Participant: 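Would you mind keeping the following structure in view while I ask a few things?
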Amino acid sequence: MSNDLKSIHDFDFTMICNYFKLLERQGPGSPEVTQKAVSFINELSDEAKIADIGCGTGGQTMVLANYTKGQITGIDLFPDFIEIFNRNAANTHCENRLKGIVGSMDNLPFQNEELDLIWSEGAIYNIGFERGMNEWNRFLKKDGFIAVTEASWFTPERPAEIEDFWLANYPEIDTIPTKIAQMEKAGYTLTAHFILPENCWTEHFYAPQFPAQEAFLKEYSGNAAAADLIAGQRHEQSLYDKYKEYYGYVFYIGQKR
Ligand code: SAM
């Protein structure tokens, strides 16, 4: 019984990966926004150590590498994403600075105070913003930087439909002042924060999904779970179109005290 459950579970993950690996990035963001976030961070040396946590296939990591010095370790739970990450690093001749490894953000393979910079776009929600901010703190050197994007409410109140959607999917979504207070409490001084522009969702995240969805549905033709996955993605996008004034991603950049 448990073996059956495990195989169903594994299949779902494989299927989800097979969809998201068709995309250059697995969450909202853009090269411009990654560059803007880097601009708030003190210049790093060639010896700097950087971790990109929940890196996916590394769309943002390749940009990060262009605007920083030092060694970058990308970490993701899914081996297929890491394989693409390392292939992209080799194709862009960055393999001596960029290394993708399989691992989990709740069990990071770093020493205390080893890192100069922790990066994480659209991924900290997997363990929760507050937990991630607290648990990752020890890996940063004093005065080291953290830069993450996180789903946040833009208004104190929202229509019930979007509130219910987020509370069912990520109840830790909260207002920007609350996120900043959580970050400060976890031992960082806020350096900057800014809302990701709409094109991070529309142009860079949803638009590339149209052809990917067609290809994926063809590959998984007749598979109900695959159809559900795509229906879920389309629903999420329609909610964004309808309610984007109420929520979005915010880049939070802080320095360890
Ligand atoms: N940072 C990438 C981007 O912006 O395109 C990927 C963002 S995607 C929304 C979230 C990523 O977190 C996925 O690649 C997923 O595999 C990864 N992930 C989920 N749980 C994880 C965990 N426990 N440890 C490491 N990575 C995880």
Side-chain angles (χ1 to χ4, degrees), residues 1-30 52-62 74-89 100-108 119-129 131-132 148-151 162 164-173 196 200-241 247-249:
M1 179 70 175
S2 65
N3 277 347
D4 285 353
L5 281 177
K6 185 176 179 295
S7 60
I8 290 166
H9 204 61
D10 285 350
F11 175 71
D12 280 347
F13 276 126
T14 305
M15 193 181 73
I16 293 167
C17 275
N18 283 348
Y19 175 63
F20 281 102
K21 76 187 189 190
L22 298 171
L23 306 169
E24 191 182 322
R25 48 179 319 138
Q26 289 73 44
S30 74
D52 184 356
I53 303 175
C55 59
T57 57
Q60 73 294 324
T61 330
M62 308 300 145
I75 296 189
D76 203 279
L77 204 53
F78 292 117
D80 284 9
F81 289 171
I82 291 301
E83 196 186 315
I84 296 171
F85 180 107
N86 284 326
R87 199 187 313 139
N88 288 343
I101 60 170
V102 177
S104 185
M105 60 178 73
D106 58 4
N107 186 22
L108 293 170
W119 204 265
S120 186
E121 292 195 33
I124 195 171
Y125 74 89
N126 286 293
I127 55 166
F129 182 83
R131 180 177 167 197
V148 308
T149 61
E150 165 78 345
I162 193 61
D164 291 349
F165 172 81
W166 275 98
L167 293 184
N169 288 287
Y170 183 51
E172 233 191 272
I173 185 172
L196 270 62
C200 290
W201 297 76
T202 52
E203 182 187 335
H204 293 280
F205 188 47
Y206 290 132
Q209 291 195 46
F210 294 128
Q213 287 171 356
E214 294 309 316
F216 181 79
L217 288 174
K218 219 176 250 174
E219 188 188 337
Y220 283 93
S221 170
N223 182 313
D228 278 355
L229 173 67
I230 300 307
Q233 292 305 308
R234 289 175 175 165
H235 177 57
E236 212 181 290
Q237 179 181 359
S238 72
L239 288 177
Y240 180 74
D241 288 342
Y247 73 96
Y249 266 25

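The model shown is predicted, which means the values in this text are computed figures rather than measured ones.
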Participant: Let me confirm one number: the CG-CD distance from Leu22 to Glu219, rounded to the nearest 0.5 Å.
Facilitator: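 So the gap between those two atoms works out to 7.0 Å.
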
Participant: With side chains defined as the heavy atoms from C-beta onward, is the minimum distance between Gln60 and Cys55 less than 4.5 Å?
Facilitator: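 The answer is yes, as the side chains (C-beta and beyond) meet within the 4.5 Å cut-off.
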
Participant: Do you know the tightest heavy-atom contact between Gly122 and Tyr249?
Facilitator: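 Looks like CA-CE2, 3.5 Å.
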
Participant: Would you give the length of the straight line joining atom CD1 of Ile53 to atom CG of Leu77, rounded to the nearest 0.5 angstrom?
Facilitator: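 Ile53 CD1 to Leu77 CG: 13.0 Å, rounded to 0.5 Å.
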
Participant: Asp12 and Ala225: which non-hydrogen atoms are nearest, and at how many Å?
Facilitator: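 Taking Asp12 first and Ala225 second, the nearest heavy atoms are OD1-CB, 4.4 Å.
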
Participant: Is a donor on one side and an acceptor on the other found under 3.5 Å between the side chain of Asn126 and the backbone of Ala123?
Facilitator: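 Present.
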
Participant: With rounding to the nearest 0.5 angstrom, report the CG to CD distance, Leu23 to Gln209.
Facilitator: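 Reported to 0.5 Å precision, the distance equals 5.0 Å.
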
Participant: Nearest 0.5 Å, what's the CG-CH2 distance between Leu196 and Trp201?
Facilitator: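 Separation between the atoms: 8.5 Å.
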
Participant: Show the numbers, then the answer: is there a side-chain contact (heavy atoms from CB on, under 4.5 Å) between Val148 and Phe129?
Facilitator: CA-CA 9 Å; Val148 308; Phe129 182 83; 3.7 Å; yes

Participant: Please give me the minimum heavy-atom distance between Gly128 and Glu172, naming the atom from each residue.
Facilitator: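 Residues Gly128 and Glu172, closest heavy atoms: CA-OE1, 3.3 Å.
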
Participant: Do Ile162 and Leu239 come close enough that some side-chain heavy atom pair is under 4.5 Å?
Facilitator: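 Yes - at least one pair of side-chain heavy atoms lies under 4.5 Å apart.
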
Participant: Between the main-chain N or O of Ile82 and the side-chain N or O of Asp76, is there a donor-acceptor pair closer than 3.5 Å?
Facilitator: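 Such a contact is absent between Asp76 side chain and Ile82 backbone.
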
Participant: So Phe216 and Met15, side-chain contact (heavy atoms from CB on, under 4.5 Å) or not? Walk me through it.
Facilitator: CA-CA 9 Å; Phe216 181 79; Met15 193 181 73; 3.6 Å; yes

Participant: Could you walk me through whether Asn18 and Tyr220 satisfy the side chain to side chain donor-acceptor pair (under 3.5 Å) test, starting with their C-alpha distance in whole Å, then the side-chain angles of each, then the deciding distance to 0.1 Å, before giving a yes or no?
Facilitator: CA-CA 10 Å; Asn18 283 348; Tyr220 283 93; 2.9 Å; yes

Participant: Return the CG to CD1 distance between Leu217 and Ile230, rounded to the nearest 0.5 Å.
Facilitator: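 Output value for this atom pair is 5.0 Å.
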
Participant: Grab the two heavy atoms, one from Tyr247 and one from Glu236, that are nearest each other, plus how far apart they are.
Facilitator: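 So the minimum-distance heavy-atom pair works out to OH-O, 4.4 Å.
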
Participant: Which residues pass the ring-ring contact (aromatic ring centres under 6.0 Å, His included) test with Phe81, not counting sequence neighbours?
Facilitator: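 With neighbours one apart ignored, the set is Phe78.
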
Participant: Would you name the heavy atoms of Ala151 and Ile173 that are closest together and state the gap between them?
Facilitator: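 Scanning both residues completely, I find the closest heavy atoms to be O-CG1, 3.6 Å.
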
Participant: Which residues pass the salt bridge (Lys or Arg N to Asp or Glu O under 4.0 Å) test with Glu83, sequence neighbours left out?
Facilitator: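 For Glu83 the salt bridge (Lys or Arg N to Asp or Glu O under 4.0 Å) partners, ignoring immediate neighbours, are Arg87.
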
Participant: Provide the closest heavy-atom pair for Pro171 versus Asn169 in the form atom of the first, atom of the second, distance.
Facilitator: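 Minimum heavy-atom separation between Pro171 and Asn169: CD-C, 3.9 Å.
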
Participant: Side chains of Gln233 and Tyr206: is there a donor and an acceptor less than 3.5 Å apart?
Facilitator: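 No pair is found: no donor N or O on one side chain lies under 3.5 Å from an acceptor on the other.
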
Participant: Suppose we screen for salt bridge (Lys or Arg N to Asp or Glu O under 4.0 Å). Which residues come up paired with Glu214, at least two apart in sequence or across chains?
Facilitator: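 Scan of Glu214 (salt bridge (Lys or Arg N to Asp or Glu O under 4.0 Å), adjacent residues dropped) gives Arg234.
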
Participant: For Thr57, run the side-chain hydrogen bond (donor to acceptor under 3.5 Å, both in side chains) check against Lys21, Glu24, Gln26, Arg25 and tell me which one passes.
Facilitator: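 Going through the options one by one, the only one that passes is Gln26.
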
